[in-house]
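One structure below.
Values below: every heavy atom of this structure, side chains too, minus hydrogens, waters and symmetry copies. This structure is a prediction, so every number in the text was calculated from the model and none was measured. Quick note on labels: first sequence line is chain A, next is B, and so on, each numbered from 1.
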Amino acid sequence: MTPVYYVLVDCNTFYVSCERLFNPRLNRVPVVVLSNNDGCVVARSPEAKAGGIKMGEPYFKAERLLKRIGCVSLSSNYTLYADISLRVVDVLRQFGLPMEIYSIDESFLRVEGYDNLKGLAHEIKEKVWRWVGIPVGVGIASTKCLAKIANKRAKKDGGVCVLQDGIDDVLRETLIPDLWGIGAQLTKVLMAHNIFTAYDFARADPKWVKDNLTIVGLRMMMELNGAPCIKLEQVRETRKALTCSKSFSQPLCELSDIEEALTAYTQRACEKLRSERQLCSLASVFLETNRFRTGYYNNSCSVRLPVPTANTIDILHAAKSGLQKVFRQGHEYIKCGIILTDFSPNDIIQGDMFDGKDQATDNRLMETIDRINREWGSNTAYLAASGIKREWSMKRKMLTPRFTSCWSEIPVAH
DNA sequence: TCTGGGGTCCTAGGACCC
DNA sequence: TCTGGGGTCCTAGGACCC
């Protein structure tokens, strides 16, 4: 049997690297990219890390330190990052290996019967750098969990790491909170049981692991021992849920304002649903106040649709009725959202004999709106109920241009 | 003043059925 | 005093990821 290896390609500080691609002045200076609404730090250049900026730190808390170290702060420009991500994936595809796109900045590949793994790792890293301009780290090992560890070491070690010999030593140096799949809660459980390193975990009693960390923990333990339990998902299974939610730029108290925002989110969610050729049967709405304040209120309501649908008007109707159930006067709300679930493919339609609606006309209307928004930019055609002024719409004060995805914002070469 | 958004998976517990 | 057993399905909640 030829040995199988998993290759994890992870873009270094991806969002910052995307910004640097189009603005070389950002090279070698501290840079951070912020989450939606300019809320938290979600990507840091090495210089920003060295300056003591923490991942996930709220911007308003980090602001003084950011200023002191002369850090450039940018709003996140997801349109740009998604486009660069596609370019990286294109390069990786050219290796002709089974591949899983794990996230916007990470992909796994699988290799079998390769002699020169180190050479492959270098080739991947250099091609992505030369063809796209994004630095990546490449980690290779016999399971996905180990490849994650290899990748982390790669970043400190010239960008590539093949984990083949001396794995025990590497596991001894890997601390529990740094493991893929171990978060704050499981770290507590493991530490309380005197398990401090990946090596301790790999040698733990399987029964204890299963009982205390469920089957998920047991799988991770097996993976650390070199037994692959987490398979490569080459084709993304059709998703099971679709969420659209955002914090408002300022707290909202009135039902009518929140309805506006919810209408906009519902439109967006339905648009995504249709683009994936799915119908949904359940729409859930949630609403919340600031959870960092006293008197936190949050509530949600699920509304079943009479027939599976992707029609914005029908789903909006359900969403609004849900919102009315959870809305209480007298709170300052900061966020709402809609979650669509219970999907079925849109080629099997179970009609409702009695609703007296002309499905074909409705579908044509939705198709037309989608086409206008595809060709002329999102939100060219929208429901007036989602508001014109949109005072709740999110803050992005430090947004860079959509360099690669909008004709009017393409960089000019002098 | 200001604290992201969008996913997945697993389990426990309740409802319901025979 | 004694109060089935076992299966399935659904939901909520908790954990994790990037």
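Across all their heavy atoms, Y15(A) and A43(A) have their closest contact at CB-CB, 3.9 Å. Looking at every heavy atom in both residues, I338(A) comes nearest to L262(A) through CB-CD1, 4.3 Å.
E106(A) comes within contact range of the sugar-phosphate backbone alone, with a heavy-atom separation under 4.0 Å but no base atom that close.
Of the residues in residues 287-300 of chain A, those lying under 4.0 Å from DNA chain B by heavy-atom distance are R291(A), F292(A), R293(A). Within residues 6-16 of chain A, no residue has a heavy atom under 4.0 Å from DNA chain B. Listed by residue number, L179(A), W180(A), G181(A), I182(A), G183(A), A184(A), Q185(A), L186(A) are the residues of residues 173-195 of chain A with a heavy-atom contact under 4.0 Å to DNA chain C. Across residues 322-340 of chain A, K335(A) each have a non-hydrogen atom less than 4.0 Å from an atom of DNA chain B (numbered order).
dT3(B) and dC18(C): their P atoms are spaced 24 Å apart (whole Å).
Between dG7(B) and T243(A), a contact under 4.0 Å exists linking OP1 or OP2 to a side-chain N or O. The side chain of S245(A) places no N or O atom within less than 4.0 Å of a non-bridging phosphate oxygen (OP1 or OP2) of dG4(B).
Taking the six-membered ring wherever Trp is involved, the centroid distance between the rings of F108(A) and Y6(A) does not fall below 6.0 Å. In this structure, Y102(A) has its ring center closer than 6.0 angstrom to the ring center of W180(A).
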All N/O donor-acceptor pairs, side-chain side in residues 119-133 of chain A, below 3.5 Å, sequence neighbours left out:
residue : atom : partner : partner atom : Å
E123(A) : OE2  : K127(A) : NZ           : 3.2

Taking only distance into account, with no hydrogens and no angle test, what donor-acceptor pairs under 3.5 Å do side-chain atoms of residues 192-206 of chain A form with protein atoms, sequence neighbours excluded?
residue : atom : partner : partner atom : Å
H193(A) : NE2  : W208(A) : NE1          : 3.2
T197(A) : OG1  : Y199(A) : N            : 3.3
T197(A) : OG1  : D200(A) : N            : 3.1
T197(A) : OG1  : D200(A) : OD1          : 3.4
T197(A) : OG1  : D200(A) : OD2          : 3.4
Y199(A) : OH   : R172(A) : NH2          : 3.4
D200(A) : OD2  : F196(A) : N            : 3.0
D200(A) : OD2  : T197(A) : N            : 3.2
R203(A) : NH1  : N225(A) : OD1          : 3.2
R203(A) : NH2  : D168(A) : OD1          : 3.2
R203(A) : NH2  : D168(A) : OD2          : 3.4
D205(A) : OD1  : K207(A) : N            : 3.2

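Of the candidate nucleotides dC18(C), dT3(B), dG7(B), dG7(B) has the atom lying nearest to any side-chain atom of R239(A). Closest approach to the K246(A) side chain among dT3(B), dC18(C), dG5(B) is made by dG5(B) (side chain taken as heavy atoms from C-beta onward).
Helical stems in DNA chain C, defined as runs of 3 or more consecutive Watson-Crick or G-U wobble pairs with both donor-acceptor distances under 3.5 Å, are listed by first residue as B:5-18 with C:5-18.
Checked against L163(A) for a side chain to side chain contact (heavy atoms under 4.5 Å, CB included), the options V170(A), L117(A), T143(A), L171(A) give a single hit: V170(A). For the side chain to side chain contact (heavy atoms under 4.5 Å, CB included) test with I84(A), the passing option among C11(A), S17(A), C18(A) is C18(A); the others fail.
For residues 54-76 of chain A, every residue pair satisfying the side-chain hydrogen bond (donor to acceptor under 3.5 Å, both in side chains) rule, not counting sequence neighbours, is listed here: D38(A)-S75(A).
Salt bridge status for E233(A) with K144(A): absent, with no side-chain N to carboxylate O gap under 4.0 Å. R374(A) and D370(A) are not joined by a salt bridge, as no carboxylate oxygen comes within less than 4.0 angstrom of a charged side-chain nitrogen.
For K210(A), the NZ atom counts as loosely surrounded, since its 6.0 Å shell holds 12 or fewer non-hydrogen atoms of other residues, nucleotides or ligands.
dC18(C) atom P lies 17 Å from atom CD1 of I101(A), rounded to whole Å. In this structure, Y78(A) places its OH atom 7 Å from C1' of dG4(B), rounding to the nearest Å. Remark: C1' of dG6(B) and CZ of R268(A) are 12 Å apart, rounded to the nearest angstrom. At whole-Å resolution of the value, CZ in F248(A) and C1' in dT3(B) are 16 Å apart. The separation between K61(A) atom NZ and dT3(B) atom P is 11 Å, rounded to whole Å. Taking atom CG on D105(A) and atom P on dG7(B), their separation rounds to 17 Å, with Å as the unit. Across the protein-nucleic acid pair, M55(A) atom CE and dC18(C) atom P stand 9 Å apart, rounded to whole Å. Rounded to an integer number of Å, the gap from K144(A) NZ to dC18(C) C1' is 14 Å.
Residues L26(A) and L74(A) form a side-chain contact, since some pair of their non-hydrogen atoms from C-beta on lies under 4.5 Å apart. Here the side chains of M220(A) and L179(A) are not in contact, with every heavy-atom distance at 4.5 Å or above. A heavy-atom distance below 4.5 Å is not found between the side chains of E260(A) and E254(A).
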Pairs under 3.5 Å (N/O, protein and nucleotides 10-13 of chain B):
residue : atom : partner : partner atom : Å
dC10(B) : OP1  : R219(A) : NH2          : 2.6

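Residues passing the ring pair (Phe, Tyr, Trp, His ring centres under 6.0 Å) test with F286(A), sequence neighbours excluded: none. With sequence neighbours excluded, no residue forms a ring pair (Phe, Tyr, Trp, His ring centres under 6.0 Å) with F14(A). Judged as a salt bridge (charged side-chain N to carboxylate O under 4.0 Å, His left out), and not counting sequence neighbours, E332(A) has no contacts.
When each of E237(A) and G39(A) is assigned the nucleotide of DNA chain B bearing its nearest heavy atom, the one mapping closer to the 5' terminus is G39(A). Nearest-nucleotide mapping onto DNA chain B: of S35(A) and K240(A), the residue sitting toward the 5' end is S35(A).
Under 3.5 Å, the side chains of R153(A) and T174(A) contain no donor-acceptor pair of N or O atoms. Side-chain contact annotation: S45(A) with E47(A), donor-acceptor N/O pair under 3.5 Å present.
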